[in-house]
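Sequence lines set the chain letters: A, B, ... in the order given, protein chains first and strands last, and positions in each chain run from 1. In this text, all values refer to a predicted model and were calculated from it rather than measured experimentally.
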2 protein chains.
Amino acid sequence: MGSVEEKIKVGGLVGGATTTLLEEMKLLKEMQNHSGARKAINSELWHACAGPLVSLPQMGSLVCYFPQGHSEQVAVSTKRSATSQIPNYPNLPSQLMCRVHNVTLHADKETDEIYAQMSLQPVNPEKDIFPIPDFGLKPSKHPSEFFCKTLTASDTSTHGGFSVPRRAAEKLFPQLDYSMQPPTQELVVRDLHDNTWTFRHIYRGQPKRHLLTTGWSLFVGAKRLRAGDSVLFIRDEKSQLLVGVRRANRQQTTLPSSVLSADSMHIGVLAAAAHAAANRSPFTIFYNPRACPSEFVIPLVKFRKSVYGTQISVGMRFGMMFETEESGKRRYMGTIVGISDLDPLRWPGSKWRNLQVEWDESGCSDKQNRVSSWEIETPESLFIFPSLTSSLKRPLSSGFLGAETEWGNLIKRPLRPGP
Amino acid sequence: MGSVEEKIKVGGLVGGATTTLLEEMKLLKEMQNHSGARKAINSELWHACAGPLVSLPQMGSLVCYFPQGHSEQVAVSTKRSATSQIPNYPNLPSQLMCRVHNVTLHADKETDEIYAQMSLQPVNPEKDIFPIPDFGLKPSKHPSEFFCKTLTASDTSTHGGFSVPRRAAEKLFPQLDYSMQPPTQELVVRDLHDNTWTFRHIYRGQPKRHLLTTGWSLFVGAKRLRAGDSVLFIRDEKSQLLVGVRRANRQQTTLPSSVLSADSMHIGVLAAAAHAAANRSPFTIFYNPRACPSEFVIPLVKFRKSVYGTQISVGMRFGMMFETEESGKRRYMGTIVGISDLDPLRWPGSKWRNLQVEWDESGCSDKQNRVSSWEIETPESLFIFPSLTSSLKRPLSSGFLGAETEWGNLIKRPLRPGP
DNA sequence: CTGTGGGCTACGGGCCGACAA
DNA sequence: TTGTCGGCCCGTAGCCCACAG
């Protein structure tokens with residue numbers, strides 16, 4: 001902890017910014033007073049809700065901030081992309097190197113939608129980068145003991161309770177006293193807001209199965225869950241039982257706010273970054289992992305490796321991780337078919353989504369046909385930085401080997417495989 | 001209609017803006033596609049929900065836009081006022097003369113919170129003001145046949161229905177057939193989103209009273225009404241029965257959005273206005289009458305009269321209208337105790353809340369101790385522009401006379417009346 | 001192994017007049 | 001005039017198993 005603070009201080013001095021540690025502290029205190037942050041949110045539960053692919057940068061580390069990506073998040077939230085009414089900020093670069101001052105986890109009181117608040121301070125790329133500490137890539141801790149189930153019509157109807165998958169119940173819940181007739185216990189679990197929920201856990205029926213009955217419908221009602229939404233249980237490091245929810249994608253989490261027009265939001269994002277860049281002063285952003293198409297705050301190390309570590313060319317094969325329905329990871333393969341600016345007018349030369357790609361499988365129409373180099377794995381990056389590729393949990397060896405052989409195949413594969 | 005369009009066009013040309021009518025139309029169409037605006041919102045119901053003091057500027061009219069006021073609205077919505085991290089916009093004046101291009105009414109799908117979206121285009125004050133048409137002050141139509149009731153615990157409990165005040169039922173609802181035992185009818189009413197609700201209206205009990213029974217609890221549940229919230233019924237110009245809701249103030253309507261940090265929102269407001277001012281290009285704002293402390297888009301005529309029409313000085317007595325609990329109007333009296341800048345650093349010389357005031361009555365601690373000149377009535381303004389002062393509905397003559405005599409008294413009254 | 005549906009029961013939603021403020 | 005309560009009834013939330021995918 002002490003070292004992190006030191007880094008911040010040093011970073012501030014080297015960067016030539018006027019920010020003092022005292023101001024840091026004031027800022028920090030102010031953030032903690034921000035509504036809804038009274039109790040610290042459980043990090044493991046937050047990450048379980050965020051999904052296996054989301055990792056946040058570390059406090060004190062260096063990152064690249066991409067205004068375009070931030071604008072994309074605004075576009076998704078407001079369902080309105082940037083229009084011509086939005087001014088150009090010629091002095092705002094397409095990528096802004098920043099020091100991460102603060103990262104706090106949040107969850108919407110109404111919807112339980114998770115998001116992170118970060119305070120970033122632009123640094124001078126020429127003076128301030130030599131000692132890049134290698135944190136910033138250390139993955140955030142994802143809970144190992146968890147399960148995630150997509151709710152069925154029966155789970156959410158008023159007719160009954162929640163059917164717990166057998167493995168989940170046996171792995172996560174306290175062991176039942178099977179001598180009881182029927183075996184029963186009371187589960188007390190906490191959610192992101194530290195509310196407690198009590199569920200009656202019973203093992204009954206023919207054939208026998210695990211069910212949550214009494215208390216379940218209250219939970220469904222309070223969280224407004226529908227069939228298709230997901231519920232997840234985890235056991236944190238203190239082996240406390242916690243519960244989280246994930247809405248189906250169809251439910252737009254955030255309605256277009258009646259506070260600010262979409263245009264003003266886009267302008268706010270860009271103007272805030274431009275002002276911060278000009279003054280090297282800190283600015284505050286929100287990151288909504290589940291709404292956002294792509295991360296737009298990238299650890300500098302990761303960014304550097306992808307840009308300088310690999311020669312990317314048209315025709316190159318690549319892999320990219322996506323989340324599965326059951327909150328696992330799966331690699332999809334594709335081919336790079338072009339390298340060009342996403343927005344040549346506003347952001348010439350930007351590395352944001354400058355790779356045009358085609359996916360091997362049909363049914364990938366939901367996937368972006370433009371990606372950024374740090375999102376993908378190439379044969380080279382796999383070879384040079386194997387740590388980047390995979391940290392699958394359960395089928396660790398088989399999964400990893402599977403990936404390897406897959407890579408082996410694809411390298412030998414022709415450029416455009418026929419049907 | 002034709003004349004309004006013409007005004008827009010002329011305004012655009014005289015202002016030297018590059019905006020063409022074609023672009024206007026595109027903009028307009030785009031706005032209509034804005035989510036949630038498929039069906040036009042009933043204007044009378046919207047105004048009934050907004051309250052008797054809210055009036056919107058007319059399309060095509062000239063207004064003064066106050067960035068400070070807009071920022072106040074953001075501050076209330078996010079519960080965070082502008083911080084030192086927000087840049088100064090030296091080229092953005094504290095008041096911006098604009099042409100109103102478009103005004104659309106909206107209501108939040110979730111909360112029914114009403115708001116208006118306006119498109120404003122800055123105009124050149126020196127070239128573009130000579131013929132100020134006198135629309136812009138014409139008050140928006142508030143329904144004359146309406147009633148508003150604050151819900152009691154019984155109204156919202158699951159135990160029973162809604163107790164309709166006698167006068168309301170007799171004035172608004174279709175007459176009951178009192179030969180029935182008991183007299184009963186089915187009411188079909190529409191809300192802001194054009195959803196229909198059916199209530200069983202019955203006249204029963206000992207003593208007899210009007211009740212809404214079947215269907216009421218669905219409404220309460222769907223709108224998530226609590227004791228203390230208000231419900232209002234109106235009969236519009238087509239004598240259709242409509243229903244609206246107003247949340248109690250305690251319920252913060254808009255939670256701090258997880259889309260944009262409060263700082264970025266403040267910046268977005270200011271940067272959008274600054275950019276529009278520099279280019280004389282249109283910009284879009286939202287106005288939330290019930291959240292916003294004061295209107296920040298003021299008809300130019302009203303602004304001019306208040307600033308140039310009246311000499312305001314320290315010690316002067318004034319009156320100001322406020323909304324009563326039952327959605328009526330009431331005048332509160334006070335004394336001007338100072339004239340000074342609200343924010344001498346950012347907005348020197350601004351007319352926004354530059355009057356410091358003291359209220360006669362105790363229990364006005366909820367009221368601002370700073371107001372703007374166009375919000376108040378002074379003896380002079382009363383004399384010169386009587387149309388500004390009062391348009392009370394029911395007790396028109398008596399109310400107006402009452403106001404007159406009150407003014408008569410206070411003019412003679414000493415500067416600081418003793419207890 | 002787990003999703004859905006039929007059967008059954010009991011709790012509470014919701015209609016009524018009695019009071020009293 | 002209208003807010004709250006006790007009384008009562010019946011609709012449905014919610015527990016159980018059977019059955020099938």
Side-chain angles (χ1 to χ4, degrees), chain A residues 147-171 173 176 180-187 197-222 225-231 233 325-326, chain B residues 147-171 173 180-187 197-222 225-231 325-326:
Chain A
F147 84 95
C148 175
K149 184 194 177 189
T150 301
L151 296 175
T152 67
S154 299
D155 289 331
T156 50
S157 85
T158 59
H159 189 61
F162 174 67
S163 182
V164 188
R166 177 180 208 112
R167 289 200 170 186
E170 287 174 352
K171 185 160 135 200
F173 296 166
L176 281 167
M180 295 170 75
Q181 284 306 331
T184 297
Q185 66 182 338
E186 189 178 66
L187 294 181
W197 301 89
T198 60
F199 302 124
R200 180 178 156 93
H201 171 208
I202 190 167
Y203 184 70
R204 63 164 168 79
Q206 203 47 257
K208 295 269 179 276
R209 87 275 313 269
H210 293 270
L211 295 166
L212 299 186
T213 57
T214 311
W216 173 252
S217 70
L218 275 177
F219 182 76
V220 170
L225 297 174
R226 302 288 170 88
D229 296 338
S230 300
V231 66
F233 287 85
E325 280 228 349
E326 301 77 22
Chain B
F147 85 96
C148 175
K149 184 195 177 189
T150 302
L151 297 175
T152 66
S154 299
D155 289 332
T156 51
S157 85
T158 59
H159 190 61
F162 174 67
S163 182
V164 188
R166 175 179 210 116
R167 289 198 170 186
E170 288 174 350
K171 186 160 134 200
F173 296 165
M180 294 169 77
Q181 281 310 327
T184 296
Q185 67 182 338
E186 187 178 68
L187 296 181
W197 301 90
T198 59
F199 302 124
R200 180 178 157 92
H201 170 208
I202 191 168
Y203 185 68
R204 63 161 170 80
Q206 200 48 256
K208 294 270 178 279
R209 88 275 311 273
H210 292 270
L211 296 166
L212 299 185
T213 59
T214 310
W216 173 251
S217 70
L218 275 178
F219 182 75
V220 170
L225 297 173
R226 301 290 168 86
D229 295 338
S230 300
V231 65
E325 281 227 349
E326 299 79 20

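- Whole-Å rounding puts the A:Leu218 CG to D:dG14 C1' distance at 12 Å.
- Taking atom NZ on A:Lys208 and atom P on D:dC15, their separation rounds to 17 Å, with Å as the unit.
- Between B:Ile202 and A:Lys149, the one whose closest nucleotide on DNA chain C sits nearer the 5' end is A:Lys149.
- The phosphate of C:dG14 has OP1 or OP2 within less than 4.0 Å of a side-chain N or O from B:Ser217.
- Counting only heavy atoms from C-beta outward, the side chains of B:Phe173 and B:Gln185 approach each other to under 4.5 Å.
- A heavy-atom distance below 4.5 Å is found between the side chains of A:Ser163 and A:Lys149.
- Between the C1' atom of D:dC15 and the CG atom of A:Asp155 lies a distance of 15 Å, rounded to the nearest Å.
- Spacing between atom CZ of B:Arg200 and atom C1' of C:dG14 amounts to 12 Å, rounded to whole angstrom units.
- Atom pair B:Phe199:CZ and C:dG14:P shows a separation of 13 Å (rounding to whole Å applied).
- Here the C1' atom of nucleotide D:dC16 and the OH atom of A:Tyr203 are 16 Å apart, to the nearest Å.
- Put simply, NE2 on A:His159 is 10 Å from C1' on C:dC8, counting in whole angstrom units.
- No hydrogens or angles were tested; on distance alone, nothing pairs the side chain of B:Arg209 with the base of C:dG17 as donor and acceptor under 3.5 Å.
- Note on B:Ser163: every side-chain N or O is 4.0 Å or more away from OP1 and OP2 of D:dT1.
- Contact check for B:Thr213 versus B:Arg200: side-chain heavy atoms found under the 4.5 Å cut-off.
- Checking the phosphate oxygens (OP1, OP2) of D:dC15, a side-chain nitrogen or oxygen of A:Thr214 falls inside 4.0 Å.
- Residue B:Arg204 has a polar side-chain atom (N or O) positioned under 4.0 Å from OP1 or OP2 of C:dC16.
- Among the heavy atoms of the strands lying under 4.0 Å from A:Thr213 are primed sugar atoms or P, OP1, OP2 only; no base atom is included.
- Rounded to whole angstrom, the span from the CZ atom of B:Phe162 across to the P atom of C:dC16 amounts to 17 Å.
- For A:Ser154, a side-chain nitrogen or oxygen approaches OP1 or OP2 of C:dT4 to under 4.0 Å.
- Contacts of A:Ser157 with the nucleic acid, taken as non-hydrogen atoms under 4.0 Å apart, are absent.
- A:Val164 has its side chain within reach of A:Phe147: a pair of non-hydrogen atoms, C-beta onward, lies under 4.5 Å apart.
- Proximity of B:Leu225 to B:Phe219: side-chain heavy atoms (C-beta onward) are separated by under 4.5 Å at one or more points.
- Heavy-atom nearest nucleotides on DNA chain C were determined for B:Leu212 and for B:Gln206, and the one closer to the 5' end corresponds to B:Leu212.
- Contact check, B:Thr152 against D:dT4: a side-chain N or O comes under 4.0 Å of OP1 or OP2.
- When heavy atoms are screened at a 4.0 angstrom cut-off, B:Pro207 is found touching base atoms of the nucleic acid.
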